[in-house]
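Structure first, commentary second.
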Amino acid sequence: MPQYYVEGLYATRQGAKKKLKTGVYPPSSIEPYARTIWANSSKEAIQIATTELAGGEWTEGPHVSQITEEQRMRSMGAPEFPGLAAKPSKSRNR
């Protein structure tokens with residue numbers, strides 16, 4: 001059973017209800033979704049992720065891949081934020 005990374009933006013249940021009244025999602029109800037799901041196919045991973053929303057709605061459809069966004073960006077050679085790169089280990093001689 002392969003491992004899938006599901007990422008996207010979703011609105012909480014309250015935000016989905018408010019959208020029915022006002023027509024737009026309140027900014028405070030939009031949250032990121034990024035989970036690792038073990039599934040037989042990418043469609044099954046999306047179904048599992050959608051049930052985990054517990055009444056919420058996808059505002060930006062889920063993106064499914066077998067590598068994380070971090071791994072994809074590193075393989076492309078994208079720049080990292082200053083101070084977030086792994087620090088080289090110091091050799092301690094005793």
* Between Arg13 and Lys17, is any pair of side-chain heavy atoms under 4.5 Å apart? -> yes
* Heavy atoms only: give me the nearest Ala45-Ala39 pair and the separation to one decimal. => N-CB, 3.8 Å
* **Straight-line distance of Arg74 CZ to Gln71 CD, nearest 0.5 Å** => 9.0 Å
Taking only distance into account, with no hydrogens and no angle test, what donor-acceptor pairs under 3.5 Å do side-chain atoms of residues 51-64 form with protein atoms, sequence neighbours excluded?
unit_1 : atom_1 : unit_2 : atom_2 : d
Thr51  : OG1    : Gln47  : O      : 3.4
Thr51  : OG1    : Ile48  : O      : 2.7
Glu52  : OE1    : Tyr33  : OH     : 2.5
Glu52  : OE1    : Arg35  : NH1    : 3.3
Glu57  : OE1    : Tyr25  : OH     : 2.6
Trp58  : NE1    : Thr50  : OG1    : 3.1
Thr59  : OG1    : Leu9   : O      : 3.2

* Asked: Between Gln66 and Tyr4, which heavy-atom pair has the shortest distance, and what is it?
  -> NE2-CE2, 3.3 Å
* Asked: Sequence neighbours excluded, which residues qualify as side chain to side chain contact (heavy atoms under 4.5 Å, CB included) partners of Ser28?
  -> Pro26
* **Close side-chain approach of Ile37 to Gln3, heavy-atom, < 4.5 Å** => no
* Quick one: list whatever passes side chain to side chain donor-acceptor pair (under 3.5 Å) with Glu31, sequence neighbours left out. => Tyr10
